[in-house]
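Heads up, the thing below is written out as structure tokens.
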Amino acid sequence: MKKIHLLAVGGTIASLSPDPLSCTNYRTVLDGEAVLAVLGRDKLAGIAEVTAEDILRMDSASLTPAHWLTLAKRVSEVLEECDGVVITHGTDTMEETAYFLNLCVNSSKPVILTGSMRPASAVSSDAALNIYNAISGAASGKLDNCGVLISMNGLFIAARDARKIHPTRPDAFTPVEMGSIAQITDGTIELYYRPVRKHTAESAFDCRMIETLPEVRILYAYAGAPADWFDHCVEKKCAGIVIAGVGNGNLSSSWKDQVKKYAPQLAIVRCTRANGSVNRNGSQDDDALGTVCGGNLSAQKARILLMFALAKGLSSAEIQQVFEQY
């Protein structure tokens with residue numbers, strides 16, 4: 001049988017509530033073994049040999065890039081001895097952690113994140129089935145070389161495409177426009193496609209070679225958003241800025257002035273606060289502005305990719321190529 005290692009990072013899936021009818025009022029208390037016990041090892045007979053480890057146990061809203069690096073390095077260590085890794089994780093920032101790992105864990109073995117939208121104590125909890133599906137997927141052999149995945153509600157979603165679109169429902173995660181790469185029903189997995197963008201084993205970014213990452217901040221555009229935010233980012237010595245622009249990554253006139261002013265000294269990536277892809281030199285002249293086009297990456301994922309690119313010391317032109325490849 002395949003050897004799968006479970007790394008527990010806290011979240012709703014590791015939480016209990018005194019009220020079994022409560023799906024939102026709970027406290028994180030379960031360690032890795034206890035999280036696995038939510039499902040029960042007997043359910044995994046004939047599927048995988050599973051070990052469990054408690055690594056962080058915290059609310060995912062409090063995770064930082066330093067935590068991501070710690071997790072990524074442990075995942076890399078585990079994959080040297082195991083056939084795959086399942087990470088139980090809070091759902092608030094799961095898509096960010098997944099994409100971070102997708103860029104810097106250099107292995108073709110499966111790494112699958114899962115969580116739950118309802119605590120293990122709830123009468124309608126999705127915790128046990130999500131754990132079962134994630135472990136089954138990691139042990140199946142069908143999801144090797146697919147990059148890091150999120151497994152929720154019967155879907156396996158590529159880390160690059162996954163979005164959390166609802167705060168509480170079990171179907172909170174979606175691949176937006178791309179579709180899930182695989183689905184699982186009663187333990188049977190159907191694989192539809194493999195990601196074509198660079199990831200994991202193909203990535204030029206290796207967590208084992210990185211100790212710290214540059215500071216990158218996100219500026220969220222809205223009607224009347226102040227332009228002095230850019231000055232603040234420069235004062236704080238940020239290495240880069242990601243703009244979640246309106247529409248097709250559009251900028252107000254005052255933001256354009258700030259971008260032109262600061263683009264020569266720090267990397268600025270243009271994304272959209274909506275779903276879909278921003279096109280280079282479309283409604284905004286990236287060449288004139290000095291900006292990098294973020295494509296269809298969300299602002300939070302563009303921030304992660306930009307951090308890795310800046311850690312490599314890449315130029316704006318090289319960073320644009322990275323955004324087209326990853």
Side-chain angles (χ1 to χ4, degrees), residues 65 95-96 98-104 106 147-148 158-163 176-178 195-207 209-210 212-221 229-230 233-234 237-253 255-326:
E95 65 193 80
E96 292 175 70
Y99 189 56
F100 185 93
L101 298 175
N102 195 58
L103 293 174
C104 71
N106 293 151
V148 176
R160 189 183 189 281
D161 304 329
R163 296 275 188 101
V176 193
E177 299 173 293
M178 304 306 161
V196 296
R197 295 293 185 110
K198 287 185 177 180
H199 59 75
T200 53
E202 297 177 338
S203 177
F205 313 111
D206 188 339
C207 64
M209 305 295 128
I210 301 172
T212 59
L213 287 163
E215 176 72 13
V216 174
R217 297 192 178 181
I218 298 172
L219 301 185
Y220 191 92
W229 285 348
F230 290 86
C233 289
V234 173
K237 303 188 184 323
C238 293
I241 293 172
V242 173
I243 298 172
V246 295
N248 191 13
N250 294 329
L251 312 176
S252 67
S253 57
W255 277 38
K256 285 182 183 179
D257 290 340
Q258 291 286 70
V259 168
K260 289 178 183 177
K261 176 181 177 182
Y262 289 123
Q265 66 186 83
L266 78 168
I268 302 178
V269 176
R270 192 172 58 83
C271 295
T272 177
R273 67 183 193 181
N275 292 327
S277 185
V278 172
N279 61 311
R280 182 169 178 80
N281 292 326
S283 58
Q284 305 292 300
D285 189 339
D286 291 294
D287 290 338
L289 290 170
T291 47
V292 171
C293 178
N296 70 342
L297 279 178
S298 65
Q300 55 267 36
K301 290 180 184 173
R303 169 180 173 256
I304 294 168
L305 183 54
L306 181 57
M307 286 193 294
F308 279 117
L310 289 170
K312 282 276 193 182
L314 302 182
S315 66
S316 290
E318 291 169 327
I319 292 172
Q320 183 64 68
Q321 291 180 349
V322 165
F323 271 81
E324 292 168 3
Q325 295 169 353
Y326 288 82

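Starting from 1, each residue takes its place in the sequence as its number.
- Side-chain atoms of K301 come within 3.5 Å of backbone N or O of A162 as a donor-acceptor pair.
- A distance of 14.0 Å separates CZ of R273 from CG of L219, quoted to the nearest 0.5 Å.
- With sequence neighbours left out, the side chain to side chain contact (heavy atoms under 4.5 Å, CB included) criterion links N250 to V246, N248, S283, Q284.
- One distance of note links NZ of K312 with CE of M307; it measures 15.5 Å at 0.5 Å rounding.
- For the atom pair C207 SG and L103 CG, the distance stands at 11.0 Å (nearest 0.5 Å).
- The shortest distance between side-chain heavy atoms of I243 and V269 does not fall below 4.5 Å.
- Although no hydrogens or angles enter the test, the distance criterion places a donor-acceptor pair under 3.5 Å between the side chain of E318 and the main chain of S315.
- Put simply, CD1 on I304 and CD on E96 are 5.0 Å apart, with the number rounded to the nearest 0.5 Å.
- Ring to ring, Y326 and F205 are close: their centroids are under 6.0 angstrom apart.
- Distance alone, capped at 3.5 Å, places no donor-acceptor pair between the K198 side chain and the V322 backbone.
- In this structure A159 satisfies the side chain to side chain contact (heavy atoms under 4.5 Å, CB included) test together with A98, N102, V148, sequence neighbours excluded.
- A heavy-atom distance below 4.5 Å is not found between the side chains of V278 and N296.
- Taking all atoms of both residues into account, the shortest heavy-atom contact from P214 to L310 is CG-CB, 3.8 Å.
- Side chains of R217 and V242 form no contact here, defined as non-hydrogen atoms less than 4.5 Å apart.
- Nearest heavy atom pair, residue L213 against residue P65, reads CD1-CB, 4.5 Å.
- The backbone N or O of V292 lies less than 3.5 Å from no partner atom in the side chain of R280, so there is not a single donor-acceptor pair.
- Among residues two or more places apart in sequence or in another chain, the side-chain hydrogen bond (donor to acceptor under 3.5 Å, both in side chains) test is passed with D286 by R270, T291.
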- Take D161 and E177, measure what side-chain contact (heavy atoms from CB on, under 4.5 Å) needs, and give me the verdict at the end. CA-CA 8 Å; D161 304 329; E177 299 173 293; over 6 Å; no
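- F230 and W255 have perpendicular rings, their planes meeting at more than 60° on a 0 to 90° scale where under 30° would count as parallel.
- Counting heavy atoms from C-beta outward, K237 and E215 have side chains that stay 4.5 Å or more apart.
- Counting only heavy atoms from C-beta outward, the side chains of Y99 and L305 approach each other to under 4.5 Å.
- Expressed to the nearest 0.5 Å, how far SG of C271 lies from CD of Q300 amounts to 9.0 Å.
- Contact check for C104 versus D206: no side-chain heavy atoms found under the 4.5 Å cut-off.
- Between the side chain of R303 and the backbone N or O of V216 there is at least one donor-acceptor pair closer than 3.5 Å.
- In this structure, the side chain of R197 engages the main chain of F323 through a donor-acceptor pair within 3.5 Å.
- The two residues A267 and L306 have their closest heavy-atom pair at CB-CD1, 3.9 Å.
- Distance check, rounded to the nearest 0.5 Å: CG of D285 to NZ of K256 gives 9.0 Å.
- Contact annotation: the side chain of R160 never approaches that of P195 to less than 4.5 Å [non-hydrogen atoms, C-beta and beyond].
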- Task: Go through the steps for I210 and F308 under the test side-chain contact (heavy atoms from CB on, under 4.5 Å), then give the verdict.
- Result: CA-CA 9 Å; I210 301 172; F308 279 117; 3.5 Å; yes
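- At distances below 3.5 Å, at least one donor-acceptor pair connects side-chain atoms of Q320 with backbone N or O atoms of C293.
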